[in-house]
Novice: 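Have a look at this one.
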There are 2 protein chains.
Amino acid sequence: MKFGGTSVATLDRIRRAAKRVGVEVAKGYDVIVIVSAMSGKTNELVGWVNETSPLHDAREYDAVVSSGENVTAGLMALTLQEMDVPARSWQGWQVPVQTTSAHSAARIEAIPPENIMAKFADGMKVAVVAGFQGVSPEGRITTLGRGGSDTTAVAFAASFGAERCDIYTDVDGVYTTDPRVESKARKLDKISFEEMLELASLGAKVLQTRSVELAMRYKVKLRVLSSFEEQSDEAGTLVCDEEEIMESNVVAGIAFSRDEAKMTLVSVADRPGIAASIFGALSDGGVNVDMIVQNIAEEGRTDMTWSCPVDQVQRANLAMQKAADDGVINYQELIADEAVAKVSVVGIGMRSHTGVAAKMFKVLSDEGVNIKVITTSEIKISVLIDRKYMELAVQALHDAFELDKPKT
Amino acid sequence: MKFGGTSVATLDRIRRAAKRVGVEVAKGYDVIVIVSAMSGKTNELVGWVNETSPLHDAREYDAVVSSGENVTAGLMALTLQEMDVPARSWQGWQVPVQTTSAHSAARIEAIPPENIMAKFADGMKVAVVAGFQGVSPEGRITTLGRGGSDTTAVAFAASFGAERCDIYTDVDGVYTTDPRVESKARKLDKISFEEMLELASLGAKVLQTRSVELAMRYKVKLRVLSSFEEQSDEAGTLVCDEEEIMESNVVAGIAFSRDEAKMTLVSVADRPGIAASIFGALSDGGVNVDMIVQNIAEEGRTDMTWSCPVDQVQRANLAMQKAADDGVINYQELIADEAVAKVSVVGIGMRSHTGVAAKMFKVLSDEGVNIKVITTSEIKISVLIDRKYMELAVQALHDAFELDKPKT
C-alpha cells in the first residue's frame with residue numbers, strides 16, 4: 001500500500017491512511033506500506049538546496065530531500081502502534097533498497113527481502129518504508145527522482161511477491177481523460193499496463209511512468225485508488241495484463257499535453273546522417289524532442305520538424321545556432337510555433353481494429369481543427385494541433401469514441 | 001566545530017557558520033563539523049510524535065526526530081562546496097556512530113574513525129556530521145537525548161584526537177553567573193572541567209553535562225564561543241584541565257536554579273533502611289531528588305527533607321502516599337515549600353582555600369536571607385533559600401567574591 005503526499009499531509013490524514021492499513025491487517029495480510037513526504041515538505045527541502053547551491057552536489061541533495069519520507073514513515077509506524085498494529089519504520093538503507101549511484105535519478109537494483117521477512121516472522125504485521133529513497137553501493141543515500149515513491153511501491157511488490165500493489169492518491173482512479181477538460185470523463189475499472197504506460201508518458205499524472213514499466217515487467221497487479229473515499233474491493237482502477245480485461249474496447253482514453261511547441265528547421269542541407277546531427281545537437285542542448293517529421297524538399301535540401309516542451313524552445317534555438325556555427329549543419333531558418341498542444345488517443349484495441357486513425361482525423365476535421373503533425377504507435381495516435389482547440393478536440397474525441405459509456 | 005540550532009537556524013546563518021569553518025580549513029586543518037537541527041525543527045518533530053502517540057515507541061521517536069540534523073548536515077556540506085571547500089555530509093549510521101540501544105537517551109560506545117579518515121586522505125577537508133544521533137547494534141537509529149549534539153562533538157574530538165573542540169552557540173562563553181541576573185557578570189577566559197561540570201549540572205545551560213564529563217575523561221580541549229561575534233583566538237571560554245589555568249581563583253562562578261521545591265516528610269518511623277525506602281519510592285515515582293537532609297527527631301522518629309524540581313511535587317506526594325499505603329513507610333505528614341531556589345558557589349580554589357562557606361553564609365545573613373538547606377561538595381556549596389531572594393543573593397555573592405574583577 002502506497003500513500004502519496006496529499007494522503008499523509010497531516011497527522012489526521014496519516015491516521016486515516018493507517019485505518020486503511022488496519023483493514024488489510026484485519027483480513028490477515030502482512031502489509032508493506034510505502035509513504036511519501038507530507039505534501040509540501042519535499043518542495044521546501046528542494047528549495048533550500050537550490051537556494052544554497054544552484055548547481056548542487058546530487059549526493060547532498062539526496063541526503064537532504066530524503067528526510068521528509070523518514071518523518072512520515074516514523075509517524076505512520078507510531079500511528080499503527082497506537083491502533084495496536086505491530087509496525088515499525090524502515091529507511092531505505094535499513095531494508096536495504098539497493099540502487100545505482102545515479103544520485104537524484106537512481107534506479108533500484110535489488111531489494112533483499114530477508115530483513116523485513118524476518119520481522120514479519122517475528123510478529124510484525126506492517127513494515128512502513130520511506131519511499132523515494134535507497135542506498136548506493138558506496139553507502140550514500142540516493143533518491144529515485146520526483147514521484148519515485150510509486151516506483152518504490154511496485155519494486156517492493158515485485159521483490160516480495162505481493163498479491164497486490166495499491167497506490168493511494170488524491171484521485172479515485174484512472175479516467176478516460178482529465179475530468180477538468182471533459183466533464184463526462186469516466187473512471188475506468190481496469191486498464192492494461194500498455195495503455196497505462198502510454199497515458200502516463202503522455203502526461204496523465206496518476207502514476208509515474210517507471211512504476212508502470214516495472215509493474216508490467218514483473219506482472220504486479222497495480223491498483224490506483226483514492227485515500228479520501230470509502231474503500232471497497234471494486235474501488236479505483238486496476239492496472240493489469242490485457243488478458244485480464246474481458247471487455248473489448250478499442251480506445252481506452254484520451255491524453256493531452258498543453259504546453260508543446262512545434263519547431264521547423266527550414267531548408268537543411270540534406271545528407272546521410274543529417275538527422276543524427278540535428279537530434280544529437282538538440283539532445284546535447286537539453287531538448288526533449290517528442291514527435292519528428294521530415295519533409296522531402298527539392299534540390300538536396302529538406303525541412304525537419306519536431307515537437308518539444310514549449311519552455312525548451314530557447315534551448316533548441318541555441319543548440320541549432322551552435323551546430324551551425326560549428327559547421328555540423330546548414331539551414332535557412334528555424335521557425336517555432338509556440339501555441340500548439342498534443343492530443344493522443346490510446347487503446348490496445350487498435351491492434352485489432354482498423355479505422356481508429358481515420359475516425360480520429362474525421363472528427364477533428366468536422367470540428368475544423370487542423371492537424372499539424374501526426375505520430376502513431378501500435379496502441380496510440382498522437383496529433384499536434386493549435387492549443388486553442390485542445391479542449392474542443394478532447395471533448396469531440398471523447399464523444400465520438402463513446403468513452404462516457406461503460407464498456408459491455 | 002559544533003554549531004547549535006540557533007547558529008544554523010537559516011540558510012544565511014549556515015553560510016556564516018560555513019565561513020568560520022573555511023577559516024580553519026585555510027589554516028590547514030581538516031575539520032569535523034557537528035550540526036544541530038535548524039532551531040525549532042526538532043520541537044516541531046517532537047510535537048508531531050507526541051500528538052501521534054503520547055506513550056510512543058522510542059525507536060520511532062528517534063527515527064523521526066533525527067531527521068532535522070540530516071537536513072542541516074546536507075545543507076552545510078553544500079554551502080561549503082559552494083565556497084570550494086571539499087566537504088560531504090555524514091549521517092550517524094554512515095560514520096558509524098555506534099551507540100547503546102537505549103533509544104532517546106543512547107550513549108555513544110565507539111566512533112570508528114576509519115571511514116571519515118579515508119575521505120580526509122582522499123582530499124575531503126570537512127566532514128559534516130549530523131549531531132545528536134547514532135545507530136544501535138540492531139541497526140536502528142538512536143538519539144542521545146536533547147542537547148546531545150554537544151556530546152557528539154566531544155566524542156568525535158576524542159575519537160579523532162582533535163586538537164580542539166569548538167562549540168559555537170548563541171552566547172559568547174561561560175560567565176561568572178547569568179548576566180540577566182547580575183549585569184556585572186564577567187566572561188571567563190578559562191574554566192576547569194570540574195567547575196564547568198558543576199555549573200552545567202547546576203543549571204548553567206551553556207553545555208550539556210555529559211559532554212563536559214566526556215571532555216574531562218578524554219582531556220578534550222573544549223571551547224565555547226559565539227557564532228554571532230567576530231572570531232579570534234582568544235574568543236569564548238576554554239574549558240580545560242585545571243593545570244592549564246594559571247590564575248588562582250577561589251570561586252569561578254555562581255549558579256542558580258529558580259524552580260526548586262523543598263519537601264519534608266514529618267515524623268517518619270525511623271529504622272535501618274528507611275532512607276532507601278523513601279528515596280527508592282521517589283525514584284520509582286519519577287522524582288529527581290537533589291539535596292537531602294535528615295534531622296534526628298525524638299522517640300525513634302525522624303524528619304526527612306529533600307529538594308526537587310517544583311513541577312515534581314505532585315509526583316512526590318503520590319509516591320509517598322503509595323509507599324505509605326503499601327506499608328513501606330509510616331509518616332505524619334508531607335510538607336512542600338514550593339517557593340524556594342538554589343544558589344551555588346563553584347570553584348576549584350575551595351579545595352585549598354578554607355573559609356568560602358563561612359563567607360557565603362555571612363554574606364547571605366548580612367542581606368537577611370535565611371538558609372533552608374545546605375549541601376557541599378569538594379568544589380561547590382549550594383544553599384536553598386526563599387525564591388524571592390534569589391537575585392539578591394546572586395548579586396551579593398558575585399560582589400563579595402569579586403567575580404566582576406579579572407583574575408590576576
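Lettering of chains follows the sequences in order, A, B, ..., and the numbering in each one begins at 1.
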Novice: Please tabulate, one pair per line, the N or O donor-acceptor pairs under 3.5 Å between chain B and chain A.
Specialist:
{"residue": "B/Ser53", "atom": "OG", "partner": "A/Glu82", "partner atom": "OE2", "Å": "2.7"}
{"residue": "B/Asp57", "atom": "OD2", "partner": "A/Gln81", "partner atom": "NE2", "Å": "2.8"}
{"residue": "B/Glu60", "atom": "OE1", "partner": "A/Ser89", "partner atom": "OG", "Å": "2.5"}
{"residue": "B/Glu60", "atom": "OE2", "partner": "A/Ser89", "partner atom": "N", "Å": "2.8"}
{"residue": "B/Gln81", "atom": "NE2", "partner": "A/Asp57", "partner atom": "OD2", "Å": "2.8"}
{"residue": "B/Glu82", "atom": "OE2", "partner": "A/Ser53", "partner atom": "OG", "Å": "2.7"}
{"residue": "B/Ser89", "atom": "N", "partner": "A/Glu60", "partner atom": "OE2", "Å": "2.8"}
{"residue": "B/Ser89", "atom": "OG", "partner": "A/Glu60", "partner atom": "OE1", "Å": "2.5"}
{"residue": "B/Gln94", "atom": "NE2", "partner": "A/Gly139", "partner atom": "O", "Å": "3.0"}
{"residue": "B/Gly139", "atom": "O", "partner": "A/Gln94", "partner atom": "NE2", "Å": "3.0"}

Novice: Using the test ring pair (Phe, Tyr, Trp, His ring centres under 6.0 Å), find all partners of B/Phe120 that sit at least two apart in sequence or belong to another chain.
Specialist: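 With sequence neighbours excluded, B/Phe120 shows a ring pair (Phe, Tyr, Trp, His ring centres under 6.0 Å) to no residue whatsoever.
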Novice: With a 4.5 angstrom heavy-atom cut-off, is it the side chain or the backbone of B/Leu75 that approaches chain A, or both, or neither?
Specialist: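 Interface part for B/Leu75: both.
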Novice: I'd like to know which of B/Val71, B/Val64, B/Ile141, B/Leu78 tops the heavy-atom pair count under 4.5 Å against chain A.
Specialist: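 Heavy-atom pairs under 4.5 Å are most numerous for B/Leu78.
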Novice: Using a cut-off of 6.0 Å, state whether more than 12 heavy atoms not belonging to B/Met83 lie near its atom CE.
Specialist: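 Enclosed: over 12 neighbouring heavy atoms sit under 6.0 Å from CE of B/Met83.
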Novice: Counting only non-hydrogen atoms closer than 4.5 Å, does A/Met76 touch chain B with its backbone (N, CA, C, O), its side chain (CB onward), both, or neither?
Specialist: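 A/Met76 has no heavy atom closer than 4.5 Å to chain B.
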Novice: Does any heavy atom of chain A fall under 4.5 Å from the side chain of B/Val135, the backbone, both, or neither of them?
Specialist: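 When you check distances to chain A, only side chain atoms of B/Val135 fall under 4.5 Å.
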